Amino acid sequence: MAINWFPGHMHKARKEIKKVMPQMDLIIEVVDARIPFSSENPLVPALRGDTPLIKVLNKRDLADPDITEHWQTWLEQERGVRAVTLTHNHRQEALGILKLAEEMTPGHDRQKSALRVMILGIPNVGKSTLINTLAGRPAAKTGNEPAVTRAQQAIKLPDNVLLYDTPGFLWPKLSPEQCGYRLAVTGAIRSAVLDFEDVALFEADYLMAHYPEQVINRYGLDETPADGLALMDAIAVKRRFLGRGGVPDLHKVSEVLLNEFRAGTLGRISLETPAMVERELVEARAREQAEAEEKARKEQQRKQRSR
């Protein structure tokens, strides 16, 4: 199942951000530390130009620390980018972001004009919570469902910093396809548009491939399941999520797997690595090229038949 979610207000937000971004002195993009690539917006590099960028890997306490360290190095290969990690609601760490912003804009005189900073982030990465932490007051709406922020607003911060909050937006086509699943697992895509069991099976397969011991310990399993579906069946038996005739209730299992991952109950888990993403990008480009060639071939055949 290809997962996409790009409602009308996101298209509007994208156009508004493109209009005002050239006026910014610095950009902060908040991403989910568990999926730094899947949760970064591919539109940002094209929109920001040479504007300095701070990547905030939020929810560090939920991610695999070793993998997060690899991501910081990988992200900082891009020119003008600094990557920092953040634990949700940690004020002192958050204030360190403003200090870094000052270091990255040495030519700006705050005595003469405010430092204009735009903060970006896809839905449900903790952008609004970070804003409130920086402001020291409830300046932005927060919620458990994605896409709470619907309009831009300017927020005054200490030391003459003007922070421009923007609505979280995704992009029309999620590629590689695995990105859509990872976003769904972490809660960045509204639940109403998802097939819970399909998304949970993706998560279960990944957990068995990369974190089998944590899963076995969490659910008290006696044997190691062969794959994700076997894991879901085993959880159903262990938790007694069974319907008539002892058939596993996979919807209940899916809710448990997704909710416990999002809450960090399964432990510190990352859903992607730089090497994994690079491999997927190569595969996605090859697939797209093959599709384009096939489309061109069929179009050529159509033209020949119409002659």
Side-chain angles (χ1 to χ4, degrees), residues 10 13-33 36-37 39-60 68 71-137 139-142 149 151-171:
M10 289 189 182
R14 175 183 171 183
K15 291 196 298 182
E16 291 176 351
I17 289 169
K18 184 177 181 179
K19 182 178 179 181
V20 301
M21 189 173 285
Q23 305 167 22
M24 297 297 114
D25 300 305
L26 181 133
I27 298 165
I28 297 172
E29 184 181 17
V30 185
V31 299
D32 189 322
F37 176 80
S39 60
E40 74 171 2
N41 200 310
L43 299 176
V44 171
L47 293 176
R48 80 175 181 94
D50 294 325
T51 307
L53 171 65
I54 299 175
K55 291 271 190 181
V56 179
L57 280 68
N58 199 22
K59 306 183 182 181
R60 177 189 64 206
T68 298
W71 275 115
Q72 282 186 271
T73 302
W74 192 83
L75 291 168
E76 289 189 343
Q77 292 176 4
E78 186 179 351
R79 183 171 54 87
V81 174
R82 292 287 299 276
V84 299
T85 64
L86 184 66
T87 298
H88 213 47
N89 280 337
H90 198 295
R91 180 164 171 74
Q92 282 307 116
E93 285 188 345
L95 293 176
I97 296 170
L98 296 181
K99 182 65 176 176
L100 179 57
E102 182 179 356
E103 294 174 9
M104 294 179 70
T105 54
H108 187 89
D109 187 351
R110 295 197 206 177
Q111 299 297 321
K112 294 182 179 179
S113 63
L115 184 71
R116 294 163 299 179
V117 179
M118 175 177 284
I119 186 164
L120 300 165
I122 68 165
N124 215 34
V125 291
K127 174 175 64 71
S128 295
T129 300
L130 174 57
I131 291 171
N132 293 339
T133 304
L134 292 173
R137 64 184 191 278
K141 291 182 179 179
T142 61
T149 305
Q152 290 188 34
Q153 60 174 329
I155 300 164
K156 289 184 178 181
L157 299 182
D159 300 322
N160 205 16
V161 175
L162 195 58
L163 188 67
Y164 290 81
D165 183 19
T166 59
F169 68 99
L170 291 170
W171 41 102

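Source: prediction; values computed, not measured. Just the heavy atoms: all of them, side chains too, but no hydrogens, waters or symmetry mates, feed the values below.
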Could you give the distance from CD (Q153) to CD1 (I131), rounded to the nearest 0.5 Å? 7.0 Å
State which residues pass side-chain hydrogen bond (donor to acceptor under 3.5 Å, both in side chains) with R116; sequence neighbours excluded, sorted by chain then number. D25
How long is the gap from CG on D159 to CG on L157, to the nearest 0.5 Å? 9.0 Å
Search all heavy atoms of N124 against all heavy atoms of K59 and return the closest pair with its distance. O-NZ, 2.9 Å
List for me each residue that meets side-chain contact (heavy atoms from CB on, under 4.5 Å) alongside D109, sequence neighbours excluded, and say none if there are none. Q111, K112
Evaluate the side-chain contact (heavy atoms from CB on, under 4.5 Å) criterion for residues I28 and L26: first the C-alpha distance (whole Å), next the side-chain angles of each, then the deciding distance (0.1 Å), finally the verdict. CA-CA 7 Å; I28 297 172; L26 181 133; 3.8 Å; yes
Heavy-atom donor-acceptor pair, K127 side chain to T166 backbone, under 3.5 Å: yes
If the threshold is 4.0 Å, N to carboxylate O, is there a salt bridge linking E29 and R48? no
When you measure from the side chain of E76 to the backbone of R82, do you find a donor-acceptor pair of N or O atoms at a distance under 3.5 Å? no
Here the pair of heavy atoms bringing A114 nearest to L162 is CB-CB, 4.2 Å
Report the relative orientation of the aromatic rings in W74 and F37; use parallel for angles under 30°, tilted for 30 to 60°, perpendicular for over 60°. perpendicular
For H108 and N160, run side-chain contact (heavy atoms from CB on, under 4.5 Å): C-alpha distance rounded to whole Å, both residues' side-chain angles, the deciding distance at 0.1 Å, then the answer. CA-CA 11 Å; H108 187 89; N160 205 16; over 6 Å; no
Set out, in order, the CA-CA distance, both residues' side-chain angles and the distance that settles side chain to side chain donor-acceptor pair (under 3.5 Å) for R60 and T87, then state yes or no. CA-CA 5 Å; R60 177 189 64 206; T87 298; 2.6 Å; yes
Should V125 and V31 count as side-chain neighbours, where that means a heavy-atom distance under 4.5 Å? no
Donor-acceptor check, side chain of N58 to backbone of D32, threshold 3.5 angstrom: yes or no? no
Rounded distance (nearest 0.5 Å) linking atom CZ of R91 with atom OG1 of T133: 7.5 Å
Walk me through whether I119 and V30 qualify under side-chain contact (heavy atoms from CB on, under 4.5 Å). CA-CA 7 Å; I119 186 164; V30 185; 4.0 Å; yes
Any idea which heavy atoms bring T68 and A33 closest together, and the distance? OG1-O, 4.2 Å
Passes side-chain contact (heavy atoms from CB on, under 4.5 Å), V44 versus L120? Steps please. CA-CA 9 Å; V44 171; L120 300 165; 3.9 Å; yes
In this structure, OG of S39 is separated from NZ of K55 (nearest 0.5 Å) by 8.0 Å
Kindly compute the distance separating CE (M24) from CG (L115), expressed to the nearest 0.5 Å. 10.0 Å
Sequence neighbours excluded and cut-off under 3.5 Å, please list the side-chain donor-acceptor pairs for residues 97-106, or say none.
from, atom 1, to, atom 2, distance (Å)
T105, OG1, A101, O, 2.8

Nearest 0.5 Å, what's the CD1-CD1 distance between I27 and I17? 10.0 Å
